[in-house]
Each structure stands twice: as structure tokens, then as C-alpha cells.
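The structure appears below as C-alpha cells.
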2 protein chains.
Amino acid sequence: MTAIDLPLVTRETAAVALGSAPDAACCGPLTRETISPADAETFARRLKALADPVRLRLVSIVAASEGHEACVCDLTEPVGLSQPTVSHHLKILTEAGFLSRSKRGTWAYYRLVPGALEAVAAPLVSV
Amino acid sequence: MTAIDLPLVTRETAAVALGSAPDAACCGPLTRETISPADAETFARRLKALADPVRLRLVSIVAASEGHEACVCDLTEPVGLSQPTVSHHLKILTEAGFLSRSKRGTWAYYRLVPGALEAVAAPLVSV
DNA sequence: TTTATTCATTGACGTTCGTCGATATACAGA
DNA sequence: TCTGTATATCGACGAACGTCAATGAATAAA
């Protein structure tokens with residue numbers, strides 16, 4: 001990338017050599033809008049709720065369960081963690097909008113929120 | 001858990017009352033395969049690399065840059081963080097396979113790895 | 001009411017994460 | 001060579017995270 005016929009190789013002069021404006025620098029101007037800090041914050045919060053091996057397994061088990069729902073007592077054993085820990089993860093997934101909770105009797109049933117996973121995947125493919 | 005056909009209301013007897021098989025319980029059997037612990041671990045690691053507002057902005061800026069590449073010096077200002085911190089985030093994104101690094105002169109140019117974001121989004125829509 | 005069961009919450013602990021300043025490394029120009 | 005610039009690495013700090021035992025809240029049967 002060294003400069004053509006110029007003594008000092010700066011990113012500015014290199015950009016000039018490439019035909020861009022002097023203040024275009026190495027990376028040039030942005031060709032489109034970038035994500036706003038606020039949007040990045042909310043999107044990261046949603047991704048972070050999924051970015052845990054235990055929570056991914058919980059989502060997978062709920063999705064694969066008959067009727068697409070599962071209660072805590074059936075999730076704690078396949079995951080191999082204590083009941084409070086499983087409830088903690090389920091709360092995170094629920095607050096992030098991936099699971100919904102409905103209590104029937106003494107049991108709490110969690111089920112997938114339709115379209116929630118697709119909604120978090122969509123921005124990734126359109127980057 | 002308690003036995004079947006006992007006066008105590010267990011999830012088994014509740015399932016019977018609902019017309020399901022006795023061992024169907026509340027969540028019933030799994031209707032398909034669930035993610036393996038190992039796959040959940042690697043997938044969570046990839047998601048975790050993206051689950052940060054700063055790293056999402058870095059990816060967005062690189063993707064929107066002319067030529068689809070950007071060097072560290074141009075990324076540190078719009079993000080508003082120190083250069084070591086930006087380099088740290090870029091390393092995480094690179095090790096996760098989302099960015100590639102090519103050094104030309106004293107500058108390090110980062111660009112998006114084609115298909116990397118789509119690859120991490122695909123498993124989400126197919127759950 | 002008493003007992004038993006399911007689940008959520010609390011408090012604590014060790015680990016990981018995000019950030020910075022300081023320093024090291026690599027490269028280009030003089 | 002020496003100087004300046006761009007980037008990576010190191011060490012440290014506070015914050016956030018994952019986990020558990022203990023406890024609390026709610027429900028149902030006896």
C-alpha cells in the first residue's frame with residue numbers, strides 16, 4: 001500500500017493516490033449508517049442473554065419439549081445444575097423476551113416466545 | 001419423584017387427567033434432538049464475542065467502511081475508548097472469526113469475514 | 001392447620017469481563 | 001543510526017457474571 005510518488009506515506013496521501021478526498025483517510029468515508037450506541041446497547045443485552053451455554057441448552061430443551069413448554073423441575077436434571085441456578089437463567093431468558101412464564105398449580109411452565117430468536121438473528125444477516 | 005396411581009397429585013397423574021400418557025409428565029418427552037453441551041459451549045463462545053455494545057459498533061463501522069475494512073486509528077475515535085481497549089475488542093472479534101487482520105506498513109486493517117455473521121445467525125432461526 | 005412440593009429470592013463466593021495507563025514491538029522516514 | 005507513529009501486550013482495578021446453600025412464598029393434599 002506504499003504511496004505512489006510521494007515522500008511521506010500517510011493515510012491521507014495514500015487516499016489521494018487512490019482517488020479519494022484527502023480527509024477520507026485509510027478507511028474512507030462510511031458507505032452507510034452504522035448502528036447507534038443505544039441500539040448497540042439493547043442488541044448486546046439481548047445477545048448476552050443467549051451467550052451462555054446453559055441458557056442455550058435451556059432454550060433448546062424447551063423448544064424440543066412436547067407442547068413447546070417445560071417446567072423447572074424437568075430442566076434442572078438434564079442441565080445438571082441446582083434449582084436456584086436454573087431459575088436464575090430462566091429469569092434472564094424471560095426478561096430478555098425469549099421465554100414466557102405461566103404458572104399452573106405449583107409448577108411454572110416456560111415456553112418459547114414465537115419469533116424472538118428470529119428477531120435477534122435478523123440484524124446479523126443484514127449487516 | 002412419587003409413584004403413579006397414588007392419591008397425591010403428581011405431574012404424572014395430572015398428565016393422565018389431561019389425557020396424556022402417564023410418563024408424559026408436564027413437559028412430555030422431547031420431540032427432537034437438543035443441542036449438545038459441547039455445541040452449546042462453542043456457540044455461546046461465538047455469541048459472547050458479539051454480545052458487547054462496543055464490539056457490535058466496531059463490526060458495524062468496519063462493515064460500513066469503504067472497502068469493508070478499517071484500521072485501529074480510525075476506530076478508536078468514533079467509539080470513544082482508548083486504543084488498547086479497541087485493540088482488545090478487535091482481538092476478541094478476530095479470534096471468534098468475525099474479523100480478519102491484515103497488516104500493511106504500520107497499520108493493521110480489519111475486515112469482515114464473509115459469512116461469519118450469517119453463520120452465527122443460522123442456528124437461531126432453525127431452533 | 002399441618003405437611004409437602006415447586007419455584008423464586010437472598011447473600012455470599014470465586015471467576016470473568018471491560019477498561020485504562022504504562023510499556024513493548026514493529027515499521028517508516030530522516 | 002535515531003525519531004516518530006501505529007499497534008499489541010501487560011498489569012491492575014472495579015464491575016458484572018455464574019454458581020450454590022439457605023430461606024421465603026405460594027399452592028395443594030391430609
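First the proteins, then the strands, lettered A, B, ... as listed; each starts at 1. Predicted model, so just to flag it, every value in this text is computed and none were measured.
Taking atom CG on L81(A) and atom P on dA21(D), their separation rounds to 11 Å, with Å as the unit. In this entry the distance linking CD of E77(B) with C1' of dA6(D) reads 16 Å, nearest Å. Computed from coordinates, the E41(B) CD to dG18(D) P distance equals 12 Å when rounded to whole Å. Atom pair I92(B):CD1 and dT16(C):C1' shows a separation of 11 Å (rounding to whole Å applied). Atom OH in Y109(A) sits roughly 10 Å away from atom C1' in dT6(C) (whole-Å rounding). The nearest whole Å value for the distance from the CG atom in L93(B) to the P atom in dT7(D) is 16 Å. For the pair L75(A) CG and dT6(C) P, the interatomic distance rounds to 14 Å; values are reported in whole Å. Atom CD in E95(B) sits about 12 Å away from atom C1' in dT9(D), given to the nearest Å.
For Y110(B) and dA8(D), the shortest distance from a side-chain N or O to OP1 or OP2 is below 4.0 Å. Residue R101(B) places no side-chain N or O under 4.0 Å from the OP1 or OP2 atom of dT7(D).
Separation of atoms CZ (F43(A)) and OG (S36(A)) is listed at 12.0 Å; rounding is to 0.5 Å. Here the CG-CZ distance, from D52(B) to R45(A), works out to 12.0 Å after rounding to the nearest 0.5 Å.
For the pair R55(A) (side chain) and A49(A) (backbone), a donor-acceptor distance under 3.5 Å is present.
For T106(A), the listed nucleotide lying nearest its side chain is dT6(C); candidates were dT7(D), dC7(C), dT6(C).
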Pair V79(A)-I61(A), side chain to side chain contact (heavy atoms under 4.5 Å, CB included): steps then yes or no: CA-CA 9 Å; V79(A) 162; I61(A) 296 174; 4.3 Å; yes
Step-by-step side chain to side chain contact (heavy atoms under 4.5 Å, CB included) determination, L56(A) to L47(B): CA-CA 10 Å; L56(A) 285 175; L47(B) 280 177; 4.2 Å; yes
What do the steps show when you test F98(A) against I92(A) for side chain to side chain contact (heavy atoms under 4.5 Å, CB included), and what is the final call? CA-CA 9 Å; F98(A) 294 111; I92(A) 291 179; over 6 Å; no
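Using a 3.5 Å distance cut-off with no hydrogens or angles, the side chains of E69(B) and S65(B) do not pair a donor with an acceptor. Residues R111(B) and H68(B) bring no donor and acceptor atom of their side chains to less than 3.5 Å of each other.
Linking ILVMFWY side-chain heavy atoms closer than 4.5 Å, directly or via other members, places L75(B) and V113(B) in two distinct hydrophobic clusters.
Non-hydrogen atoms lying under 4.0 Å from DNA chain D are contributed by nothing in residues 42-55 of chain B. Of the residues in residues 82-91 of chain A, S82(A), P84(A), T85(A), H88(A), H89(A) come within less than 4.0 Å of DNA chain D through at least one heavy atom, sorted by number.
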